[in-house]
Participant: 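What follows is a structure written as structure tokens; I'll ask about it next.
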Amino acid sequence: MNLLYLNDRRGQYPGSVYADTRLPFDDQPRIRGELRADIAVVGGGYTGLSAALHLARRGFQVALLEAHRVGFGASGRNGGQIGSGQRQEVDWLEDNLGRQAAARLWSLAEDAKALVRDLAGQAGVPVRDGIAHACRSKDEVDHARALADRLARDYDYDKVQPLDAGGLSALIGSPAYIGGDVDWGAAHVHPLNLAIGMAGLAQGAGARIYENSHVHRITHATRAGDKSVVHCDTGKVICDHVVLAGNGYLGNIAPKVSARVMPINNYIVATRPLGDNFPEILPRDTAVADTKFVVNYWRMDDQRRLIFGGGETATYKFPKDIRGVVRPHLLSVYPQLRDVELTHAWGGTLAITMNRMPYFARPAQNCLSASGFSGHGVAMATLAGRLMADAVAGQAEGFDAMAAVPTRLFPGGRFLRAPLLVAGMAWYGLRDRLGI
């Protein structure tokens, strides 16, 4: 059994402000008996839904298998930020992969943002512009300004506006940071509604979606022309290709992937609607992320609730008092909210890699996988689904560009990698607290 299920009630959306404000989406049937399809997609988050949608639009017969409900995992619980670029910035990409590869990866990331905006528009899900980046040191502010200059000069991207301390404070309503920037080409969205909207589009294109259908084993084809079999508790899918889109929830069904992709938990709270109170907070309705290793990130929703994320753990269990975990991070930015009720608190499981770049791979015959989006998945996970659909159809250039990024194994093997990650996160958490 995948221990990640212990944190959640199968078949229901976990409690969150997103679950309480989501679009309607009828329960989908559980798989029963033997089915045949061209493609079996494992996972009903952004990656799997995008893959199913784009494959179905290409005329393939698609069966998507989700262990809970579509958007149940990180896709329905995250901060909703549609960030520019890759998880690593272009200077890192140039230094580690070269200028040509960095330019290609930047272009793919721009495609990712455009794809999310397009699919959200098709599904009637509003997207709002702007993500501010809040810096804690002069070196970080200088780096942000240099990066903005580089993007404008070398990547023809002039939508990043550097900000001094006063400019950032006016934009976010807090003097907690000493400067940063705002990217007006980035955006934010209700993440669960985006997933549900994509599910509706996929169904409209002819994809079959099966919820509460836990995949526990895959028998992969071993020779050209063989079929693969995806085994669930209540049925199986016989197919030509398998798309793995489970991210932090893959468990043991793909050991080659899970050796390079580590699930971690992240936590979010939401305030009561603020109404006309605290007008200084996010007056231009931007989202924000700061430069801590364990990032704080926040945005307002349509009811002017502040949705604030902060704090991570590398265990399968969520803390009993999530509010107690996140509240100090919230108050470090907005101490004026000390007496404001936190109406919702929830956690979610995402997946990271050693270098924080997503891991694209062909783990078996006629099998594609993309995961490990490391907190940058709203855009990149959605693009990953389309790139896998393209690759199945014989157009693998985008997939291969992402797969060419080297991704190391986590040290320590199956049993020691989690304790080593906990130790590393504790060290960086200490650096955050000391302001290093």
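Numbers for residues simply follow the sequence, beginning at 1. Computation of the quantities below employed the complete heavy-atom set of this structure, encompassing side-chain atoms and omitting hydrogens, waters and symmetry-equivalent molecules.
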Participant: Specify the closest pair of heavy atoms between L350 and G375, including all atoms of both residues, with the distance to one decimal.
Facilitator: CD1-N, 3.6 Å
Participant: Any carboxylate oxygen within less than 4.0 angstrom of a Lys/Arg side-chain nitrogen, looking at R128 and D302?
Facilitator: yes
Participant: F308 and H329: aromatic ring centres closer than 6.0 Å?
Facilitator: no
Participant: Indicate the atoms forming the closest heavy-atom contact of M380 with A109, along with that distance.
Facilitator: SD-CA, 4.0 Å
Participant: Using side-chain hydrogen bond (donor to acceptor under 3.5 Å, both in side chains), reason through R58 and Q395 one step at a time and then give a plain yes or no.
Facilitator: CA-CA 12 Å; R58 285 179 173 271; Q395 299 171 345; 2.9 Å; yes
Participant: Which of these passes salt bridge (Lys or Arg N to Asp or Glu O under 4.0 Å) with D301: R304, R305, R299?
Facilitator: R305
Participant: Step by step, work out the salt bridge (charged side-chain N to carboxylate O under 4.0 Å, His left out) result for K159 and D183.
Facilitator: CA-CA 6 Å; K159 298 178 182 178; D183 181 355; over 6 Å; no
Participant: Does any part of the side chain of D154, heavy atoms only, come nearer than 4.5 Å to the side chain of R99, both counted from C-beta?
Facilitator: yes
Participant: Verify salt bridge (charged side-chain N to carboxylate O under 4.0 Å, His left out) between R136 and D290, making sure each step is shown before the conclusion.
Facilitator: CA-CA 8 Å; R136 301 171 301 136; D290 70 14; 5.9 Å; no
Participant: Is it the case that the side chain of T21 and the backbone of V17 share a donor-acceptor pair, with hydrogens and angles ignored and the cut-off at 3.5 Å?
Facilitator: yes
Participant: Can you tell if the side chain of P191 reaches within under 4.5 Å of the side chain of Y46, non-hydrogen atoms only?
Facilitator: yes
Participant: How far apart are the closest heavy atoms of A132 and I172, and which atoms are they?
Facilitator: CB-CG2, 4.3 Å
Participant: Tell me, do H241 and D38 make a side-chain contact under 4.5 Å, heavy atoms counted?
Facilitator: no
Participant: Test L65 against every option in I209, N212, I31 by the side chain to side chain contact (heavy atoms under 4.5 Å, CB included) rule and name the one that passes.
Facilitator: I31
Participant: Heavy atoms only: give me the nearest L342-R323 pair and the separation to one decimal.
Facilitator: O-NE, 2.9 Å
Participant: Is it true that the side chains of Q203 and Q28 contain a donor and an acceptor less than 3.5 Å apart?
Facilitator: yes
Participant: Where does the angle between the aromatic ring planes of W346 and H344 fall among parallel (under 30°), tilted (30 to 60°) and perpendicular (over 60°)?
Facilitator: perpendicular
Participant: Quick check: does any side chain N or O of R272 sit under 3.5 Å from a backbone N or O of T343, one acting as donor and the other as acceptor?
Facilitator: no
Participant: Just so I know, are the side chains of Q61 and I39 near enough to count as touching, which here means a heavy-atom distance under 4.5 Å?
Facilitator: no
Participant: Report yes if some heavy atom in the side chain of S16 is under 4.5 Å from a heavy atom in the side chain of I268; otherwise report no.
Facilitator: no
Participant: Judged by modelled atom types alone, do S169 and Y177 share a side-chain donor-acceptor pair under 3.5 Å?
Facilitator: no
Participant: Do you see a donor-acceptor pair shorter than 3.5 Å between the side chains of T291 and H133?
Facilitator: no
Participant: Could you tell me whether the side chain of R150 reaches within less than 4.5 Å of the side chain of E94, counting heavy atoms only?
Facilitator: yes
Participant: Heavy-atom distance under 4.5 Å between the side chains of Y249 and V215, does that happen here?
Facilitator: no
Participant: Do H143 and D91 have side-chain atoms, one donor and one acceptor, less than 3.5 Å apart?
Facilitator: yes
Participant: Determine the sole option in Q88, R87, M262 for which the side chain to side chain contact (heavy atoms under 4.5 Å, CB included) test with S374 is passed.
Facilitator: R87
Participant: Are R145 and D164 within salt-bridge range, i.e. N to O under 4.0 Å?
Facilitator: no
Participant: I'd like to know if the side chain of T353 pairs up with that of N355 as donor and acceptor (distance under 3.5 Å, no hydrogens or angles considered).
Facilitator: yes
Participant: List the atom of P29, the atom of S213, and the distance in Å for their closest heavy-atom pair.
Facilitator: O-OG, 4.4 Å
Participant: May I have all residue pairs that pass ring pair (Phe, Tyr, Trp, His ring centres under 6.0 Å) and include part of residues 95-116, sequence neighbours excluded?
Facilitator: W106-Y155, W106-Y157
Participant: The criterion is ring pair (Phe, Tyr, Trp, His ring centres under 6.0 Å); which residues satisfy it with Y297, sequence neighbours excluded?
Facilitator: none
Participant: Is H376 reaching over with its side chain to a backbone N or O of G85, donor-acceptor style, under 3.5 angstrom?
Facilitator: yes
Participant: Under the side-chain hydrogen bond (donor to acceptor under 3.5 Å, both in side chains) criterion, do Y359 and S369 qualify, and how do the steps go?
Facilitator: CA-CA 8 Å; Y359 178 50; S369 174; over 6 Å; no
Participant: Taking the side chain as everything from C-beta on, heavy atoms only, tell me whether L368 gets closer than 4.5 Å to R362.
Facilitator: yes
Participant: Looking at R117, R284, K113, which hits salt bridge (Lys or Arg N to Asp or Glu O under 4.0 Å) with D129?
Facilitator: R117
